[in-house]
Amino acid sequence: MALKAVNVTDVPNLDQVPENNASLSLYSSRFNSEGLELNSEATFKVPKFLVIGHRGHGMNILQSSDSRTKAIKENTILSFNSAAKFPIDFIEFDVQVTKDDCPVIFHDDFIFSEENGTVFEKRVTELSLEEFLCFGPQREAGKQGKSLLRKTKDGKILNWNVETDDSFCTLAETFQKVDPSLGFNIELKFDDHIVYQQDHLIHVLQVILQVVSEYAKDRPIIFSSFHPDAAQLVRKLQNTYPVFFLTNGGTQVYYDVRRNSLEEAIKVCMEGGLQGIVSEVKGVFGNPGAVPRIKESKLSLLTYGKLNNVPEAVCMQHLMGIDGVIVDFVQEISHAVDDMIIKPLNEGLREGDEETETKSKLQFSQQELSFLLKLIPELIQH
């Protein structure tokens, strides 16, 4: 279903951040002194190759034979703080707003549960906060939560079983309880099958921004969304934190053409004053020529997807000039990046080498890199 276009030029800029934080540098102890910040021209530069934990310690895939995908409940405080034990920079998580205006952390549009042998579904945004928190494990001793199921992409409904479970949480709790050294990549979550009116989008975003304003302090934050209008609106509503447009990069086709290619993603960013793109990695590997065009547009580029759980694919992206990766296998990939990219660069910096930005343990000549880039579109089709 089409997403209704919103005229963002008529949306007022809202000062959601206290005045004394107006020039806030998005600094974390995990970064060098450069930190992350928007400059006076509202452009944004990632100071290092970022590793971002997907939904915290990694997303849950209930049908997978890999135990790592069912180790810890995704999008929970436990998952976030488990990811913080490894050398990563950000965690990525999904925010929706309940019907009583509380931003909560949950990926799917619907919650599935079972009562008296009958499976039912409820839309997250149509639940109150109290109703939302009733599902799954409860924090109150002796209290039993409602059963929690999950619908897979092929339509199966399975028990949402993981090795280490945890209760649902709100955005405010996440700010208060998660390791302060971790940056937050806050994905603004909207249903692909709903046409949202401008007033509704603005209201939801304002509710989220109010929580960010109250609790963010000096934590690094990046906003992102697959919804092009929401991404452009949150950029209009605040000018402190960078906003990235999420895209499948052409690996899926949507009615809204703005979501169907990296070229369209560049247009969305340029028209809305956004700072970067987050693409499915296959979309980038299938169209490597888009990377220099993104860089020429002074946009940052991050990726997500299953290939980001392969160390060689991650290091290849570093060589291509991509700024960071969102990963599920946090321990393995963070250590691989640390060994193959971060440590060699830091060693080069200490030696005063002017070419340190291009150095890593995986080094290719320009001719070899060009050859690999030509091979990638063929490889990902198999």
Side-chain angles (χ1 to χ4, degrees), residues 3-4 6-28 35-39 42-44 52 75 80 90-107 124-125 128-129 132 169-178 180 182-191 194 196-246 268-269 272-276 278:
L3 297 172
K4 182 178 175 62
V6 176
N7 184 2
V8 297
T9 58
D10 296 329
V11 179
N13 183 284
L14 299 183
D15 183 11
Q16 290 289 337
V17 182
E19 195 171 309
N20 60 355
N21 284 341
S23 59
L24 178 67
S25 172
L26 308 190
Y27 173 75
S28 165
L36 295 181
E37 62 181 358
L38 294 180
N39 63 23
T43 57
F44 171 77
I52 302 171
N75 276 334
F80 300 153
F90 279 72
I91 49 170
E92 180 272 351
F93 53 80
D94 310 275
V95 175
Q96 303 185 57
V97 174
T98 62
K99 70 177 182 181
D100 51 351
D101 286 345
C102 183
V104 296
I105 314 297
F106 195 75
H107 174 271
V124 173
T125 55
S128 67
L129 174 62
F132 172 77
C169 60
T170 67
L171 179 59
E173 287 177 302
T174 303
F175 275 111
Q176 294 170 302
K177 297 179 180 180
V178 172
L182 271 185
F184 285 175
N185 174 190
I186 301 175
E187 180 182 339
L188 307 165
K189 199 67 183 158
F190 296 93
D191 191 330
I194 293 179
Y196 295 96
Q197 299 299 315
Q198 176 175 325
D199 288 349
H200 176 77
L201 286 175
I202 292 174
H203 175 74
V204 168
L205 296 174
Q206 286 177 329
V207 168
I208 294 170
L209 287 171
Q210 187 58 48
V211 172
V212 173
S213 171
E214 186 172 352
Y215 294 101
K217 297 181 180 178
D218 62 351
R219 191 187 296 270
I221 292 171
I222 296 172
F223 288 112
S224 63
S225 184
F226 281 105
H227 194 307
D229 296 324
Q232 292 182 343
L233 278 168
V234 79
R235 177 68 187 91
K236 289 289 286 186
L237 292 169
Q238 59 81 46
N239 58 10
T240 299
Y241 303 112
V243 180
F244 284 39
F245 178 51
L246 270 160
V268 169
C269 291
L274 310 188
Q275 286 75 33
V278 185

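Taking each heavy atom of Ala216 and Tyr241 in turn, the nearest pair found is CB-OH, 3.5 Å. A pairwise comparison of heavy atoms in Val97 and Thr125 identifies O-CG2, 3.4 Å as the closest pair. Residues Leu274 and Val243 share a closest heavy-atom pair of CB-O, 3.4 Å. For His107 against Gln96, the heavy-atom pair with the smallest separation is O-NE2, 3.6 Å. Nearest heavy-atom pair, Pro103 versus Val95, reported as atom, atom and distance to 0.1 Å: CB-CG1, 3.8 Å. For the residue pair Cys169 and Phe132, the shortest heavy atom distance occurs at O-CE2, 4.2 Å.
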Item to check | Full working for side-chain contact (heavy atoms from CB on, under 4.5 Å) between Gln232 and Val234 | outcome: CA-CA 6 Å; Gln232 292 182 343; Val234 79; over 6 Å; no
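In summary, of the residues considered (Val211, Leu129, Thr98), a side chain to side chain contact (heavy atoms under 4.5 Å, CB included) with Thr170 occurs for Leu129 alone.
Applying the salt bridge (charged side-chain N to carboxylate O under 4.0 Å, His left out) test to Lys177 and every residue at least two apart in sequence or in another chain returns Glu173. Residues passing the ring-ring contact (aromatic ring centres under 6.0 Å, His included) test with Phe190, sequence neighbours excluded: Tyr196, His227. Residues satisfying the side-chain hydrogen bond (donor to acceptor under 3.5 Å, both in side chains) test with His203, not counting sequence neighbours, are Asp101. Taking Thr174 as the reference, nothing meets the side-chain hydrogen bond (donor to acceptor under 3.5 Å, both in side chains) condition, with sequence neighbours excluded. Under the rule for a ring-ring contact (aromatic ring centres under 6.0 Å, His included), the partners of Phe93 that lie at least two apart in sequence or sit in another chain are Phe80, Phe184.
Annotation: side chain of Val212 is in contact with side chain of Phe223 (closest heavy-atom distance under 4.5 Å). Side-chain contact between Glu92 and Val278: absent, with no pair of heavy atoms (C-beta onward) separated by less than 4.5 Å.
Between the CD1 atom in Ile186 and the CD1 atom in Ile105 there is a gap of 7.5 Å [rounded to 0.5 Å]. Separation of atoms CD1 (Ile202) and CG (Leu237) is listed at 6.5 Å; rounding is to 0.5 Å. Considering CG of Leu205 and OG of Ser225, their distance stands at 8.0 Å, rounded to 0.5 Å.
One N or O on the side chain of Gln238 and one on the backbone of Thr240 form a donor-acceptor pair closer than 3.5 Å.
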